[in-house]
Amino acid sequence: MRPDWDSYFMNIAYSVSERSTCDRAFVGCVLVRDKRILTTGFNGSPAGQAHCDEAGHLLVEGHCVRTIHAETNAIIQAALHGVSTNGCWCYVTHFPCINCTKALINAGITRLVYHVAYRVDENALAFLQQANVEVCGLDFAPNQIS
């Protein structure tokens, strides 16, 4: 049986997360419009910079600041290639941080589907609600076929 669309794209987000270079969290993101993948992103260092798996973590107040988060990288890829993210759906393995939440809102994301409720921030949830972004926690097992 074929997976439903949410499971299909979340499986892809998990595949993308395998490219992450910060082992504190392997996060993957897929931006989709009209059931078509526009961009992907994973957490890793800026281009040309040392990665956590090479140079170690750069921790500030308990957060690794060496990496760019998956959601931000997906938005950056869209910008680099001239792809509009307005009206996209975002599939991400972990609930986004407050900064990624704000970036997703400004990028025009209309639906956020996440799997792991990692450090869910009440302010992020409020921002998403105020921006009329549909938020869906997906009860899901990676590579699960529905």
Side-chain angles (χ1 to χ4, degrees), residues 1-49 51-53 57 60-146:
M1 181 183 293
R2 292 183 345 158
D4 61 72
W5 286 108
D6 285 346
S7 297
Y8 173 74
F9 289 121
M10 190 60 74
N11 270 323
I12 294 170
Y14 269 97
S15 290
V16 170
S17 76
E18 294 175 6
R19 294 285 305 155
S20 295
T21 60
C22 182
D23 64 4
R24 289 177 50 91
F26 292 87
V27 181
C29 178
V30 179
L31 298 183
V32 174
R33 187 172 43 239
D34 300 326
K35 299 179 183 166
R36 300 289 185 255
I37 296 170
L38 299 181
T39 64
T40 64
F42 53 86
N43 54 332
S45 297
Q49 303 287 317
H51 294 286
C52 294
D53 59 5
H57 301 291
V60 175
E61 297 179 7
H63 298 281
C64 183
V65 297
R66 185 178 304 283
T67 62
I68 299 173
H69 290 183
E71 304 92 328
T72 300
N73 269 327
I75 293 167
I76 290 167
Q77 286 303 306
L80 282 171
H81 297 286
V83 175
S84 172
T85 57
N86 195 38
C88 283
W89 291 6
C90 174
Y91 290 86
V92 63
T93 57
H94 297 63
F95 189 86
C97 73
I98 189 79
N99 289 323
C100 287
T101 295
K102 293 184 286 186
L104 289 167
I105 290 167
N106 276 2
I109 301 305
T110 59
R111 184 169 187 253
L112 171 71
V113 182
Y114 69 93
H115 177 227
V116 179
Y118 178 75
R119 296 183 182 180
V120 175
D121 183 303
E122 293 302 317
N123 290 317
L125 283 171
F127 288 163
L128 290 163
Q129 182 180 18
Q130 291 166 16
N132 295 314
V133 174
E134 179 185 359
V135 178
C136 304
L138 187 61
D139 185 14
F140 169 84
N143 297 314
Q144 168 183 323
I145 297 177
S146 314

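The first residue of the sequence shown is numbered 1, and numbering continues consecutively from there.
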How many angstroms lie between atom [atom1] of [X] and atom [atom2] of [Y], to the nearest 0.5 angstrom?
X	Y	atom1	atom2	result
R19	F42	CZ	CZ	5.0 Å
L138	L112	CG	CG	11.0 Å
Q49	T21	CD	OG1	11.5 Å
Q129	E122	CD	CD	10.5 Å
C100	I68	SG	CD1	10.0 Å

Between [X] and [Y], which heavy-atom pair has the shortest distance, and what is it?
X	Y	result
P96	L104	CG-CD1, 4.1 Å
M10	V113	CE-O, 3.5 Å
C52	C64	SG-SG, 3.4 Å
H51	R66	C-CD, 3.8 Å
L31	C90	CD2-CB, 3.7 Å
L38	S84	CD1-O, 3.7 Å

Closer than 3.5 angstrom, by distance alone: can the side chain of [X] be matched with the main-chain N or O of [Y] as a donor-acceptor pair?
X	Y	result
T101	C97	yes
T85	A107	yes
R33	N86	yes
D121	N123	yes
T93	G28	yes
S20	V27	yes

>> If you count every heavy atom of other residues, nucleotides or ligands that lies below 6.0 Å from R111 atom CZ, does the total exceed 12?
In response: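 More than 12 within 6.0 Å, yes.
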> For F26, does the CZ atom have more than 12 heavy-atom neighbours from other residues, nucleotides or ligands under 6.0 Å away?
Replying inline: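 Atom CZ in F26 is crowded, with more than 12 foreign heavy atoms closer than 6.0 Å.
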Just wondering, do [Y] and [X] contact through their side chains at under 4.5 Å, heavy atoms?
X	Y	answer
W89	I109	no
I12	Y8	yes
R36	V32	no

>> Looking only at the aromatic ring of each residue, does the gap between the centers of F95 and Y114 stay below 6.0 angstrom?
In response: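 Ring centres of F95 and Y114 closer than 6.0 Å.
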> Parallel under 30°, tilted from 30 to 60°, perpendicular over 60°: which one fits the rings of W5 and F9?
Replying inline: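 Answer is parallel, since the angle falls under 30°.
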Testing the 3.5 Å rule here: is there a donor-acceptor pair between the side chains of [X] and [Y]?
X	Y	value
H69	N99	no
H115	Y14	yes
N43	T67	no

> Among T40, N11, D6, which one satisfies side chain to side chain donor-acceptor pair (under 3.5 Å) with Y91?
Replying inline: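 Output: one option passes, namely D6.
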>> Pair L128, I105 - check side chain to side chain contact (heavy atoms under 4.5 Å, CB included), show working.
In response: CA-CA 7 Å; L128 290 163; I105 290 167; 4.0 Å; yes
